[in-house]
Amino acid sequence: MSEEITPTYNHDILARQLLGEDVELSKHGPPCYSCDQASGLYTTSPGNPNGNAGRKYYRCRMCPFALRWVTWADAEGVDDANPLCNCKERSRADYRGVGGCGGGGPRNEANKFWTEEMAQSKQKGKPFLLFACHPLTGHFTPVCRIAAGLRERGWADISFLGSTSYRARIEGAGLEFMPVESEADHDDTTLFPKQLPGLATTAPGTNNSSTANGNTLPPSIIDSNHQTLDAIPAQWSSVKTALATLHARDPRREIIILCEAFFYGMVPLRLGAALPAGVPRPRSICISITPPAIRSADLPPFASAERAGFDPSPAGHARNAALWEQWTQRHAPELTERLADALRRAGASRPLAPPHDVFMSGGNYVVHDAVLQVGLPAFEYPRADFPAGFRIVGVLPPVAQAAKRLPWVWWDEDVVAAKKDGRMRKIVVVAQGTVETEPTELIIPTLQILAGRGVRDDGDGDDILTIAILGSRGARLAPEHVPANARVVDYLAYDAVLPYADVWVHNGGYGATMHGIAHGVPMVIAGEGQDKLENGRRVAWSGLGVDLACARPPRDALAGAIDEVLRNPTYKEVARRMQETARSMDCFKEVEDEILKLAGHPEHVNGI
């Protein structure tokens with residue numbers, strides 16, 4: 001039986017030892033600054049290369065390696081002449097190690113640094129983490145997973161500012177729920193469909209929308225406009241309330257905000273908006289879970305109708321500059337003014353700086369200290385002008401599926417067994433996400449195209465099975481739309497079915513695309529709203545699949561795209577390479593590393 005750890009440590013023990021008294025050190029040390037559990041007493045090895053051989057120290061027994069350091073259990077480096085730490089306690093002189101986290105070098109003045117005397121400053125701790133996110137499910141789900149992933153890595157104080165409809169999911173992930181104000185309390189049901197006053201959208205299925213002045217806009221811009229701008233003042237007010245609450249709990253602890261890119265309510269923070277009394281200005285990290293909508297000389301405006309995409313050549317730069325000028329002067333003025341007005345009403349005292357002051361040019365990204373892009377380098381254009389602090393951090397790992405049978409009688413035989421027993425069955429999975437779920441756009445056409453391509457009674461045929469996911473609990477298709485070689489479900493986790501898929505047909509959501517990459521599945525994309533055009537273009541550019549660039553593709557185009565991906569092994573090879581890269585990257589750790597970098601945590605420099 002393992003020994004029970006009890007917090008018997010008394011800070012007076014170390015204080016007396018520092019004064020030179022001969023006292024016995026407790027084997028139960030000062031509390032860990034991450035998990036608040038009592039630390040344990042350890043001794044460095046005789047061969048320690050950092051000048052610390054045989055030295056006693058305290059570390060946490062529970063937290064991951066990067067978070068477990070607590071303090072030295074001696075008086076070395078402690079002096080009343082040392083500078084004060086930010087926590088107002090006297091610091092300790094230490095040295096960067098030869099083989100430790102701090103890098104190489106001898107124990108001399110050049111490698112000297114100051115750390116707080118942690119045994120006397122328990123409240124230093126790790127920073128409070130405050131998450132905020134655009135309220136659509138496709139944005140919330142990956143950001144909530146990142147927050148939950150950090151909690152699994154030992155971060156205890158994580159708050160999530162969100163809509164009331166997500167409260168159960170936030171609290172179920174072990175996070176603290178903080179509500180946004182009612183004017184910002186939205187979700188999929190309140191944001192679709194909606195029309196912003198002064199902006200007229202065209203009929204569903206068409207390829208553009210327009211402003212009141214008749215300027216053509218892609219539907220993705222209309223979506224981003226009405227889903228983000230109206231709520232800015234209420235979002236910022238909610239952020240201030242959350243900051244004041246966390247600051248009151250411990251004024252000495254830093255707060256770091258992790259903000260999904262399209263939660264515009266954080267933008268006023270960097271534009272002079274007033275904070276609650278006594279609350280220091282927090283640092284922030286932008287989490288991007290869509291293609292980065294940041295202006296680039298190598299690219300036309302986000303979701304532009306121009307099919308020519310990434311082009312870093314001089315001719316490409318000239319073309320893109322002309323398109324950005326057209327966007328700025330002709331298409332975006334009304335939207336840019338709406339953004340500026342919303343920021344002023346939120347309390348911003350100065351505007352966004354050019355060239356990111358134009359709507360959808362990246363102002364919501366560059367106001368943060370760092371931008372962490374969920375994705376892979378092979379899926380993102382290698383543009384030369386990413387903003388400072390931009391980093392690609394990998395894709396979210398697949399969610400492990402519970403070891404239980406799915407509720408459909410056909411699953412084990414038609415899917416699991418067919419893939420295990422060497423049959424040549426090909427499985428095509430088709431879905432349209434959870435928002436644009438009208439099945440006549442993509443699901444029914446895919447079922448019809450592949451009908452009759454299953455195994456015939458004579459044993460001949462292509463042996464293709466189509467699995468359609470309707471994306472809404474309780475949804476059903478009329479029997480006449482379901483051919484013999486198809487299986488239709490109302491709702492099914494992508495991580496449960498994509499391991500068996502040969503082709504992934506969907507309408508281009510970034511989350512669906514990342515799921516395909518995580519499972520190594522080539523894809524056919526057919527979508528046009530939100531970020532879907534940009535996702536499809538990257539799928540085609542990277543060689544991951546075929547982009548049809550519209551929500552209702554012609555039947556022959558859809559059929560040709562599915563056949564192309566089924567029969568051309570190049571797409572599968574690209575998908576497998578991306579899957580291998582995804583497995584080699586740890587998204588949660590990358591986010592954690594950026595937090596620790598901003599917080600200046602000592603685990604990066606201690607020399608044990």
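Scope of the values below: all heavy atoms of this structure, side chains included, with no hydrogens, waters or symmetry mates. We count residues from 1, following the sequence as given.
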Partner residues of R576 under the salt bridge (Lys or Arg N to Asp or Glu O under 4.0 Å) criterion, sequence neighbours left out: none

CG on L372 to SG on C286, rounded to 0.5 Å: 8.0 Å

Test ring pair (Phe, Tyr, Trp, His ring centres under 6.0 Å) applied to W155 and F588, step by step: CA-CA 12 Å; W155 292 78; F588 299 147; over 10 Å; no

Steps toward side chain to side chain contact (heavy atoms under 4.5 Å, CB included) verdict (I146, L258): CA-CA 10 Å; I146 291 172; L258 293 100; 5.5 Å; no

Side-chain donor or acceptor of Q235 paired with backbone N/O of G265 under 3.5 Å: yes

Heavy-atom pair with the smallest gap, counting every atom of P142 and G138: CD-O, 3.3 Å

Over all atoms of both residues, closest heavy-atom pair of F177 and G162: CE1-O, 3.4 Å

Criterion side chain to side chain contact (heavy atoms under 4.5 Å, CB included) on F390 and S288, from CA distance to verdict: CA-CA 10 Å; F390 183 94; S288 176; 5.8 Å; no

Flag, side chain of W504 to backbone of A512, donor-acceptor distance under 3.5 Å: yes

Mutual orientation of the aromatic rings belonging to Y264 and F262 [parallel < 30°, tilted 30-60°, perpendicular > 60°]: tilted

Heavy-atom donor-acceptor pair, Q432 side chain to E438 backbone, under 3.5 Å: yes

Shortest non-hydrogen separation from A468 to I443 and the atoms involved: CB-CG2, 3.8 Å

Residues that P445 engages under side-chain contact (heavy atoms from CB on, under 4.5 Å), provided they are two or more places apart: L558

Validation row: L229, I232 side chains within 4.5 angstrom (heavy atoms): yes

Test: R345 and E183 ion pair at under 4.0 Å: no

Between Y510 and E534: side-chain donor-acceptor atoms closer than 3.5 Å: no

Distance-only polar pair, side chains of S165 and D187, donor-acceptor under 3.5 Å: yes

Donor-acceptor contact present, side-chain H515 to main-chain G511, <3.5 Å: yes

Donor-acceptor under 3.5 Å (N364 side chain, A261 main chain): yes

Steps toward side chain to side chain contact (heavy atoms under 4.5 Å, CB included) verdict (M360, L335): CA-CA 9 Å; M360 293 296 286; L335 304 177; over 6 Å; no

Lys NZ or Arg CZ of R538 over F379 ring: under 6.0 Å, within 45°: no

Whether R552 side chain and L442 backbone form a donor-acceptor pair below 3.5 Å: no

Derivation and outcome, ring pair (Phe, Tyr, Trp, His ring centres under 6.0 Å), residues F160 and F140: CA-CA 10 Å; F160 202 115; F140 167 79; 5.4 Å; yes

Side chains of R338 and F359 in contact at under 4.5 Å (non-hydrogen atoms): no

Residues forming a side-chain hydrogen bond (donor to acceptor under 3.5 Å, both in side chains) with Y166, sequence neighbours excluded: T137

Nearest-0.5 Å distance that lies between atom OG in S159 and atom CG in L175: 8.5 Å

Side chain to side chain, I170 and F131, heavy atoms closer than 4.5 Å: no

Donor-acceptor pair, side chain of D495 and main chain of P398, under 3.5 angstrom: no

Closest contact, heavy atoms only, A242 versus L130: CB-CD2, 3.9 Å

Under 3.5 Å donor-acceptor, K572 side chain and G520 backbone: yes

Between T466 and R453: side-chain donor-acceptor atoms closer than 3.5 Å: no

Nearest heavy-atom neighbours spanning M585 and P377: SD-CD, 4.3 Å

Side-chain heavy atoms of D586 within contact of R153, under 4.5 Å: yes

Test log, rule salt bridge (Lys or Arg N to Asp or Glu O under 4.0 Å), inputs R391 and D593: CA-CA 12 Å; R391 200 153 59 87; D593 285 348; 6.0 Å; no

Test log, rule salt bridge (Lys or Arg N to Asp or Glu O under 4.0 Å), inputs D463 and R425: CA-CA 5 Å; D463 197 7; R425 169 162 291 171; 2.9 Å; yes

Chi angles and distances behind the side chain to side chain contact (heavy atoms under 4.5 Å, CB included) call for V430, L450: CA-CA 11 Å; V430 57; L450 297 176; over 6 Å; no

Full working for salt bridge (Lys or Arg N to Asp or Glu O under 4.0 Å) between K532 and E441: CA-CA 14 Å; K532 294 179 172 62; E441 290 185 354; over 6 Å; no

Aromatic plane relationship, Y381 with F310 - under 30° parallel, 30 to 60° tilted, over 60° perpendicular: parallel

Donor-acceptor contact below 3.5 Å, side chain S163 vs main chain H186: yes

Minimum heavy-atom distance between M514 and V374, given as atom pair plus value: SD-O, 4.5 Å

Within-4.5 Å side-chain heavy-atom neighbours: L492 and L406: yes

Exam field: side chain D185 to backbone P179, donor-acceptor pair closer than 3.5 Å: no

